[in-house]
Protein chains: 2
Amino acid sequence: MILSKTTEYALSILSYMATRTDEVYSAEYLFNELKIPRSYLRRLLTGLSKFGFIKSSLGRKGGFVFAKDIKEISFYQIINTMEGADAMNTCLLGFSCCIVDHPCVMHDIWMEARSKMINTLSNTTLADLKEKYQQDLLKNLRSI
Amino acid sequence: MILSKTTEYALSILSYMATRTDEVYSAEYLFNELKIPRSYLRRLLTGLSKFGFIKSSLGRKGGFVFAKDIKEISFYQIINTMEGADAMNTCLLGFSCCIVDHPCVMHDIWMEARSKMINTLSNTTLADLKEKYQQDLLKNLRSI
DNA sequence: ATTAAATACTACAAATAGGTGGCATTTTAT
DNA sequence: ATAAAATGCCACCTATTTGTAGTATTTAAT
Ligand code: SF4
Ligand code: SF4
């Protein structure tokens, strides 16, 4: 529901990169496309490299490419990695131990809604995003 | 998924107060029960008054009670009020305008999952919580 | 070789969120 | 009347997140 800006940036970067996986993306290019604050973007990119989503090449003509098949990168993974493990596994109400020593009225309802969302996020990968993007491109071409 | 601590505190306070609506709760009492940092809790309580969820009475024997029927207070309302309007209405990916000028692959899936969650949160009120709490109490008594 | 274009690293600055403490005011009990 | 127990208000402090800037390093083109 509410992701940190950093996580949103990460999703944005990786989603954008996923649309053309053959390309090497420089920080400067991504800055122009995504308008994420320049310096922060650079830090995020090295961060995403360290997390293993992408890898960098140094020097002129250097930049970033995916470090693994984008079929292997789900939205859930990205969010979880960026927000820190278990950010999505805690109680909605933020109670470490439940308020009345047994599940509150929200519990079942919330767990169900949340697990559905987690399923969705787990089952959707950057590859799905790429596919959808390309289909949309085609549709647009046809309608000219 | 990830609510601010402040919102979690608000949920915690109101949920706790909902278990016995006839009582006047002092900040000090709630502090002992909920272990929310004392000074911050006091600020939150006056905040919740301003938002109209509860109302305060001054002086000795003063404290806080609900300002309206708890049937009228949904979890969604609380979260939305505390997080600031529309915190739950923005794109998962945090894009202000979508990355490729048309809905991304996540859109339908995400909107569905989210609207389900919002429905759940909207349809569940503090009154539901109270009811569940009292049923659980009864069950415990019977099993002695 | 030199220069240009890229990332790596790092120390710092700014903004936001979370938390504290003190003093004023109100009400009730004695 | 006075003291005690409560909230209201406010200025400040601390921690975390977000953002900046500069220097060092690597690579490719010339
Ligand atoms: S029972 Fe309620 S408070 Fe406890 S973990 Fe479940 S949703 Fe959270
Ligand atoms: S289309 Fe995708 S990026 Fe746009 S609002 Fe929907 S989920 Fe967000």
Side-chain angles (χ1 to χ4, degrees), chain A residues 1-14 17 23-67 79 81-84 87 90 94-96, chain B residues 1-14 17 23-67 79 81-84 87 90 94-96:
Chain A
M1 215 69 68
I2 297 134
L3 301 173
S4 70
K5 252 186 177 175
T6 302
T7 302
E8 289 180 356
Y9 288 159
L11 287 167
S12 183
I13 293 166
L14 295 176
M17 287 180 64
E23 200 157 321
V24 177
Y25 295 92
S26 75
E28 196 58 21
Y29 176 77
L30 289 171
F31 168 70
N32 287 322
E33 295 298 313
L34 300 176
K35 305 301 182 198
I36 295 166
R38 193 189 255 107
S39 311
Y40 201 52
L41 171 62
R42 303 250 327 256
R43 267 194 11 196
L44 285 179
L45 286 166
T46 44
L48 289 171
S49 301
K50 296 222 168 109
F51 285 131
F53 292 121
I54 56 182
K55 60 189 175 194
S56 66
S57 48
L58 281 181
R60 196 165 176 167
K61 294 280 171 190
F64 300 88
V65 293
F66 280 101
I79 293 173
T81 304
M82 299 307 293
E83 295 282 335
T90 57
F95 300 141
S96 41
Chain B
M1 214 67 68
I2 297 135
L3 301 172
S4 70
K5 249 184 179 175
T6 302
T7 302
E8 290 179 356
Y9 287 158
L11 288 167
S12 183
I13 293 166
L14 296 176
M17 286 180 65
E23 201 159 318
V24 177
Y25 295 91
S26 76
E28 196 57 22
Y29 176 77
L30 289 171
F31 169 70
N32 286 322
E33 294 298 312
L34 300 176
K35 307 301 182 199
I36 295 166
R38 194 189 255 108
S39 309
Y40 201 53
L41 171 62
R42 302 247 331 255
R43 263 188 25 189
L44 286 180
L45 286 166
T46 43
L48 289 171
S49 301
K50 296 220 168 112
F51 285 132
F53 293 121
I54 56 181
K55 61 190 174 193
S56 66
S57 47
L58 279 181
R60 196 165 176 166
K61 292 280 169 192
F64 301 88
V65 292
F66 280 101
I79 292 172
T81 304
M82 299 307 293
E83 295 283 336
T90 56
F95 300 141
S96 42

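All values below come from the heavy atoms of this structure, side chains included, with hydrogens, waters and symmetry mates left out. Naming: A, B, ... by sequence-line order, numbering from 1 per chain.
A:Lys61 meets the side-chain contact (heavy atoms from CB on, under 4.5 Å) test with no other residue; sequence neighbours excluded. A:Glu23 is linked by a salt bridge (charged side-chain N to carboxylate O under 4.0 Å, His left out) to A:Arg20, counting only residues two or more places apart in sequence or in another chain. Partners of B:Ser56 by side chain to side chain donor-acceptor pair (under 3.5 Å), not counting sequence neighbours: none found. Remark: B:Arg38 engages B:Glu28 in a side chain to side chain donor-acceptor pair (under 3.5 Å) (not counting sequence neighbours). Residues passing the side-chain contact (heavy atoms from CB on, under 4.5 Å) test with A:Lys55, sequence neighbours excluded: A:Val65, A:Ala67. The side-chain contact (heavy atoms from CB on, under 4.5 Å) search around B:Tyr40 returns B:Thr6, B:Tyr9, B:Pro37, B:Arg43, B:Leu44, not counting sequence neighbours.
In this structure, the CG atom of B:Leu44 is 14 Å from the C1' atom of D:dT7, given to the nearest Å. In this structure, NZ of B:Lys55 is placed 17 Å from C1' of D:dA6, rounded to the nearest angstrom. Computed from coordinates, the B:Lys5 NZ to D:dT14 C1' distance equals 13 Å when rounded to whole Å.
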B/S/- contact track for nucleotides 20-28 of chain D, protein heavy atom under 4.0 Å
BB----BBB
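For DNA chain C, the span of nucleotides reached by chain A at under 4.0 Å from its heavy atoms goes, 5' to 3', from C:dA4 to C:dA11.
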Test log, rule side chain to side chain contact (heavy atoms under 4.5 Å, CB included), inputs A:Leu3 and A:Leu11:
CA-CA 10 Å; A:Leu3 301 173; A:Leu11 287 167; 3.8 Å; yes
Apply side chain to side chain contact (heavy atoms under 4.5 Å, CB included) to B:Phe53 and B:Thr81, showing your working.
CA-CA 10 Å; B:Phe53 293 121; B:Thr81 304; 3.6 Å; yes
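Note on the helix from C:dA1-D:dT30 to C:dT30-D:dA1: terminal axis deviation equals 10°, with five pairs used at each end and the result rounded to 10°.
In this structure, A:Ala10 and A:Leu48 approach most closely via the heavy-atom pair CB-CD2, 4.1 Å.
Nucleic acid contact class of A:Thr6 (heavy atoms, under 4.0 Å, all strands): sugar-phosphate only.
Under the 4.5 Å side-chain criterion, counting only non-hydrogen atoms from C-beta, A:Leu30 is not in contact with A:Ile36.
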